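Okay, structure first, notes after.
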Amino acid sequence: MEEKIKKILQKALAGLEAATTENINELQSKFLGRRSELNEILKSLGKLSLEEKKKVGAQANKTRQEIEKAFESKRQQLQPKVNDLKIDFTAPGKYFAVGHLHPVTQVMTEILEVFKSMGYEIADGPEVEDDWHNFEALNLPPEHPARDMQDTFYLTDGNVLRTHTSPVQIRYTEKHKPPIKIVSPGRCYRNENEDASHSWSFHQIEGLVIDKNITFADLKGTLEVLAKALLGPETRTRFRPSFFPYTEPSAELDASCPHCKGAGCRSCGYSGWLELLGSGMVHPEVLKNMKIDPDKYTGFAFGLGPERVAAIKHEIPDVRYFWHPDVKFLEQF
Ligand code: DAH
């Protein structure tokens with residue numbers, strides 16, 4: 001037995017002499033692994049007499065340690081030395097381009113943060129809508145001329161690609177009752193010819209507040225906070241009467257131009273004002289469609305386009321830039 005163990009040690013050391021990075025693992029399991037000769041011996045110690053067990057056991061364990069140590073130092077030897085590596089430590093670093101959020105996403109996040117700070121919840125809705133949610137429930141019956149305000153992509157199954165985020169108002173109120181205070185960001189689609197201010201796809205953020213005693217003053221105050229947060233604290237706002245079938249009265253909000261402070265410049269077409277969004281008090285018919293009693297509750301709603309806000313903020317003359325994957329353009333934000 002003693003002889004056998006000695007032989008194992010010799011074989012292991014001899015084998016290790018010629019070991020390389022490629023086969024050192026294999027060798028290690030051959031000499032030290034569970035099926036190695038040495039391990040078989042250690043396992044069979046139980047069959048020996050007490051005397052023998054002591055002697056052989058000690059020898060086998062010592063041999064095991066020796067082999068382990070030899071492997072350890074061989075591994076050290078095999079490690080490449082810094083000087084052997086062909087690395088030029090003086091070479092300049094490689095440039096990795098780091099991306100960032102798209103300017104429209106940045107503005108959307110900014111807008112949502114303003115509303116979150118005022119206690120709004122964020123709601124979501126589908127981009128493929130049915131006629132009820134996109135039009136009818138919003139007081140736009142099939143033959144209503146106001147449907148012409150929004151050129152629609154109709155799907156073959158009768159559904160539509162939502163033309164605005166207003167249908168989320170209807171969807172949300174199917175599951176929630178007042179008090180309601182939500183904003184809903186998302187993508188919309190319209191069958192329009194593209195030009196500097198129109199695109200067949202764009203984003204909107206819808207807002208809806210319904211509770212007892214909500215007035216036009218609440219709408220005005222809320223939108224003033226938004227305009228100042230987005231365009232600067234000195235921003236002034238004004239309402240212009242407008243028409244949307246789902247609000248009565250309806251108004252569009254203008255903000256004083258942040259670039260000329262209202263004096264008139266190229267960005268605002270020399271008017272000093274920029275159109276920001278559409279809004280109004282939720283129409284009683286719409287409240288009824290939401291199964292909310294218009295004698296008990298009132299509400300306001302608004303819808304704004306983040307592309308528009310981003311274009312105003314960064315003085316971008318053409319919304320088509322937002323949809324072109326042009327890194328030179330995007331890098332600027
Ligand atoms: N849906 C309108 C649009 O697409 C925006 C809008 C106007 C939303 C008035 C509203 C609102 O909720 O009250 O232009």
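First listed ligand is number 1; within each ligand, the first listed atom is number 1. No experiment lies behind these values; they were computed from the predicted model shown.
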Donor-acceptor pairs under 3.5 angstrom involving side-chain atoms of residues 294-303: please list them, not counting sequence neighbours.
from, atom 1, to, atom 2, distance (Å)
Thr298, OG1, Ile214, N, 3.0
Thr298, OG1, Ile214, O, 2.7

What side-chain donor-acceptor pairs closer than 3.5 Å can you find for residues 64-72, not counting sequence neighbours?
from, atom 1, to, atom 2, distance (Å)
Arg64, NE, Glu68, OE2, 3.4
Arg64, NH1, Leu32, O, 3.4

Are any of the side-chain nitrogens in Glu40 or Lys4 under 4.0 Å away from the carboxylate oxygens of its partner?
no

Gln332: partners by side-chain hydrogen bond (donor to acceptor under 3.5 Å, both in side chains), with sequence neighbours left out
none

Identify the protein atoms, limited to N or O, that lie within less than 3.5 Å of an N or O atom of ligand 1, and list each pair with its distance to 0.1 Å.
from, atom 1, to, atom 2, distance (Å)
ligand 1, 1 (N), His164, ND1, 3.0
ligand 1, 1 (N), Ser166, OG, 3.1
ligand 1, 1 (N), Tyr246, OH, 2.8
ligand 1, 4 (O), Arg190, NH2, 2.8
ligand 1, 4 (O), Gln204, NE2, 2.8
ligand 1, 12 (O), Gln169, NE2, 3.2
ligand 1, 12 (O), Glu206, OE2, 2.6
ligand 1, 12 (O), Phe302, N, 3.4
ligand 1, 12 (O), Phe302, O, 3.4
ligand 1, 13 (O), Ala301, O, 3.2

Distance alone, cut at 3.5 Å: any donor-acceptor contact between the side chains of Arg162 and Gln204?
no

Parallel under 30°, tilted from 30 to 60°, perpendicular over 60°: which one fits the rings of Phe243 and His144?
parallel

